[in-house]
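Here you go, one structure.
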Amino acid sequence: MLPKNKRLRNSADFAAVYKQGKYVVSRQLVLYYRKNTGTAEIRVGFVASKKLGASTVRNRCKRLLREAVRRLLPEIKPGYDLVLVSRPPLKTERFQNIVATLARLLRKAGLMENKNEETSCLEH
RNA sequence: UGAGCAAGCUGGGCAGCCGCGACUUUUUUAAGUUGAGGAAAGUCCGGGCUCCGCAGGGCAGGGUGCUGGAAAACGUCCAGUGAGGGCGACCUCAAGGAAAGUGCCACAGAAAACAAACCGCCUUUUUUUAAAGGUAAGGAUGAAACGGUGCGGUAAGAGCGCACCAGCAGCCUGGCGACUGGCUGGCUUGGUAAACCCCACCCGGAGCAAGACCAAAUAGGAGGGAUUAAGGAUGGCCCGUCCGCCCCUCGGGUAUGGUCGCUGGAGGUGCCAGGCAACUGGCAUCGUAGAUAGAUGGCUGCCACUCCUGCACAGGAGUACAGAACCCGGCUUACACGCUUGCUCGGCUU
């Protein structure tokens, strides 16, 4: 889990990331990102729409994503706002694969600091 | 031991590491404590609480509907009554009124409700194939045909007469009551009220995004006095009530952010007493989530269970339904593997 100051928490921030940011897509999730000049923190928001299913399913998807972000947090470039949107295949995915998928999307967006040590985050 | 009926419980367990929300302490960055459900769900009822306001009357509208009790209240629960089903344990019931009125009763059938008469039966007339009259036993249709069965009676028949049964009315007995049991009477009244309707009882509206406060930004409000009309508010309509226009006084209001409301309550457990029970009273004891893009997650080990591969060992996959959002009482719906108690009907053995 992430502490409160590293999460996106109001709708204006979400709207700014959607409107001004770029995005990368995989089968399981979508990553929106936007450079935030006001802070050196990384702030992340999590989204699970009702298309995924009941509230237990949506909660589980968001928790898995939060945990994945926490694992990768030391390697992400600071000063960005991120939004992670869950897509239906995420429901049945195993946690290790979610971490790998997220790392691949972050590299694709150019947000990882040390591209050489690609697999370090997976060694748990 | 088999088949069933009823009531209830559990909701994978134990450790370790890394994290998150809240609270407490604190050297201010750490430590400790604590952290989803029986349905948290559907939002179908009822109440607490909050505001609007005065809720006053009538009409309209909505709800409930055997009796008694419980309860803050209910459409809930308990105990009964009646009807229906099951060999039984037991289960089901939207169970007031059809003699206040209106409507409807498809198809079939002669006829579906102030009765009527297709075939038939009987009498008379007659050209022996019809007419007039009587009749509602029998046939045929239908979910339902104007009480049922039997005896008498008759031209043939009919509550026309009688007995029993069903139903109706009155009286008496038992019961707080629904109702039950009995006697007497006159002989008889289709179904449908989850059709309109009638009767009895109940119902002001909106809901924690209620509502209170603070900050910035922006421009509206409260109290008093006076008072004509149009107009507006009071869930719908009518009456009634209030506001509007002007003057004076006061400083305050709005879902962007924050604080409160926010969890100790019709509270849980045990014992005793009252009650058939729902439940009530007394005493003792327990402390039990409060988030707001919304906290419960990830990994490892052992054990339990299910499925697949499989001779065993072993390996792999998985562990239901589902996530608090102001709080309670219910209802309804969902739920893997299991467990407990009581009872019924059989089989076998003694």
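Proteins get letters first, then strands, A, B, ... in listed order; numbering begins at 1 in each.
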Exercise. Based on the glycosidic angle (syn within 90° of 0, else anti), state the conformation of B/G268.
Key: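 B/G268: anti glycosidic orientation.
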
Can you check nucleotides 36-40 of chain B for protein contacts, nitrogen or oxygen pairs under 3.5 Å, and list what you find?
none

Practice problem: Using the C1' atoms only, state how far B/A156 lies from B/U123, rounded to an integer number of Å. | Solution: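 9 Å, rounded to whole Å.
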
Quiz item: If you pin A/Leu64 and A/Gly45 to their nearest nucleotides in RNA chain B, which one's is more 5'?
Solution: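 Nearest nucleotide further toward 5': that of A/Gly45.
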
Self-check item: Pairwise C1' distance, B/U350 and B/G80 [rounded to whole Å]
Solution: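 Between the two C1' atoms, the distance is 45 Å.
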
Quiz item: B/A295 P sits how many Å from A/Phe46 CZ, rounded?
Solution: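 To the nearest whole Å, that distance equals 11 Å.
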
Quiz item: Once the angle between the rings of A/Tyr23 and A/Tyr32 is folded into 0 to 90°, is it parallel (under 30°), tilted (30 to 60°) or perpendicular (over 60°)?
Solution: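 Aromatic pair A/Tyr23/A/Tyr32 classed tilted.
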
Exercise. Using the C1' atom on both, measure B/G16 against B/U50 and round to a whole Å.
Key: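 So the two C1' atoms sit 50 Å from each other.
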
Quiz item: Quick one: which of B/G19, B/G323, B/A293 gets closest to the side chain of A/Arg70?
Solution: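 Shortest atom-to-atom distance from the side chain points to B/G19.
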
Exercise. Return the set of residues passing side-chain contact (heavy atoms from CB on, under 4.5 Å) with A/Asn59 (not counting sequence neighbours), or none when no residue passes.
Key: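 For A/Asn59, the residues satisfying side-chain contact (heavy atoms from CB on, under 4.5 Å) (neighbours in sequence not counted) are A/Arg63.
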
Quiz item: If we take the C1' atom in both B/A60 and B/U141, what is their distance in whole Å?
Solution: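 One C1' to the other, the span is 48 Å.
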
Quiz item: Which atom names give the shortest non-hydrogen contact between A/Val17 and A/Tyr33, and what distance separates them?
Solution: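 The answer is CG1-N, 4.3 Å.
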
Quiz item: When all nucleic acid strands are considered with a 4.0 Å heavy-atom cut-off, which category describes A/Ala54: base, sugar-phosphate, or nothing?
Solution: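 The residue A/Ala54 makes sugar-phosphate contact but no base contact.
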
Exercise. Return the value, rounded to whole Å, for the distance between atom CD of A/Glu67 and atom C1' of B/C17.
Key: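 Distance, rounded to whole Å: 12 Å.
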
Practice problem: Write down the distance separating the C1' atoms in B/C307 and B/A336, rounded off to the nearest Å. | Solution: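 Per the computed distance, 12 Å lies between those C1' atoms.
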
Quiz item: Looking at residues at least two apart in the chain, or sitting in another chain, which of them share a salt bridge (charged side-chain N to carboxylate O under 4.0 Å, His left out) with A/Arg58?
Solution: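 Salt bridge (charged side-chain N to carboxylate O under 4.0 Å, His left out) list for A/Arg58, sorted by chain: empty.
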
Exercise. Give the minimum heavy-atom separation between A/Val25 and A/Lys108, together with the two atoms involved.
Key: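 Of all heavy-atom pairs spanning A/Val25 and A/Lys108, the closest is O-NZ, 3.8 Å.
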
Quiz item: Taking atom C1' in both B/A73 and B/C172, what distance in whole Å separates the two?
Solution: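 Roughly 43 Å separates the two C1' atoms.
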
Self-check item: Base paired to B/A116 (Watson-Crick or G-U; both N/O distances under 3.5 angstrom)
Solution: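 B/A116 is paired with nothing.
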
Exercise. On RNA chain B, check which nucleotide each of A/Ser55 and A/Arg60 is closest to and give me the residue with the more 5' one.
Key: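 Of the two residues, A/Arg60 wins.
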
Exercise. Can you tell me, in whole Å, how much space there is between the P of B/G297 and that of B/A36?
Key: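 Comparing P positions in B/G297 and B/A36 gives a spacing of 10 Å.
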
Quiz item: For B/C262, which nucleotide is its Watson-Crick or G-U wobble mate, given both distances must be under 3.5 Å?
Solution: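 Check on B/C262: unpaired, no WC or wobble geometry under 3.5 Å.
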
Practice problem: Decide yes or no for A/Val69 and A/Phe46: does some side-chain heavy atom of the first lie under 4.5 Å from some side-chain heavy atom of the second? | Solution: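 Counting from C-beta outward, A/Val69 and A/Phe46 do come under 4.5 Å.
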
Exercise. Report the distance from atom CD of A/Glu67 to atom CG of A/Leu72, rounding to the nearest 0.5 Å.
Key: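 That separation rounds to 10.0 Å.
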
Self-check item: Whole-angstrom distance between B/U292 and B/G224, as gauged at atom C1'
Solution: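 After rounding to an integer number of Å, I get 44 Å for this pair.
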
Exercise. Searching all strands shown, indicate the nucleotide that pairs with B/G35 (Watson-Crick or G-U wobble; both distances under 3.5 Å).
Key: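 The base-pairing partner of B/G35, which may sit in any strand shown, is B/C20.
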
Quiz item: Considering Watson-Crick and G-U wobble pairs with both distances under 3.5 Å, what does B/U269 pair with?
Solution: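 Check on B/U269: paired to B/A284, both distances under 3.5 Å.
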
Practice problem: State the pairing partner of B/A79; accept Watson-Crick or G-U wobble contacts with both distances under 3.5 Å, and report none otherwise. | Solution: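 Pairing partner, where one exists within any strand: B/U67.
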
Practice problem: Once you apply the 3.5 Å cut-off to both distances, tell me the Watson-Crick or G-U wobble partner of B/G207, or none. | Solution: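 Checking every strand shown, B/G207 finds its partner in B/C49, with both distances under 3.5 Å.
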
Quiz item: Any idea which heavy atoms bring A/Pro78 and A/Ile42 closest together, and the distance?
Solution: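 For A/Pro78 and A/Ile42, the tightest heavy-atom pair comes out as CA-CG1, 3.6 Å.
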
Quiz prompt | Length of the CG-P vector between A/Leu90 and B/G298, whole Å | solution =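 A/Leu90 atom CG is separated from B/G298 atom P by 13 Å.
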
Self-check item: Watson-Crick or G-U counterpart of B/C242, or none if no pair lies under 3.5 Å
Solution: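 B/G232 is the nucleotide pairing with B/C242.
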
Quiz item: For the pair made of CZ in A/Phe95 and P in B/U300, what is the distance, rounded to whole Å?
Solution: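 That distance rounds to 11 Å.
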
Exercise. Indicate syn or anti for B/G159, taking the glycosidic torsion and treating anything within 90° of 0 as syn.
Key: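 Syn, which is what one calls it when the glycosidic angle falls within 90° of 0.
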
Quiz item: Syn versus anti for B/A22, judged by chi lying within 90° of 0?
Solution: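 Classified anti.
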
Quiz item: Taking the side chain of A/Arg66 as heavy atoms from C-beta outward, which of B/A295, B/C299, B/G297 is closest to it?
Solution: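 That would be B/A295.
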
Exercise. Please name the pair of heavy atoms, one in A/Leu90 and one in A/Cys61, separated by the smallest distance, quoted to 0.1 Å.
Key: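 Heavy atoms only, the tightest pair is CD2-CB, 3.9 Å.
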
Exercise. Quickly work out the A/Leu102 CG to B/G298 C1' distance and round it to whole Å.
Key: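 A/Leu102 atom CG is separated from B/G298 atom C1' by 15 Å.
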
Exercise. Can you tell me the pairing partner of B/G161 across any strand shown, Watson-Crick or G-U wobble, with both distances under 3.5 angstrom?
Key: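 Pairing partner, where one exists within any strand: B/C151.
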
Quiz item: NZ of A/Lys62 versus P of B/A293: gap in Å, rounded?
Solution: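 Spelled out: NZ on A/Lys62 to P on B/A293 is 10 Å.
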
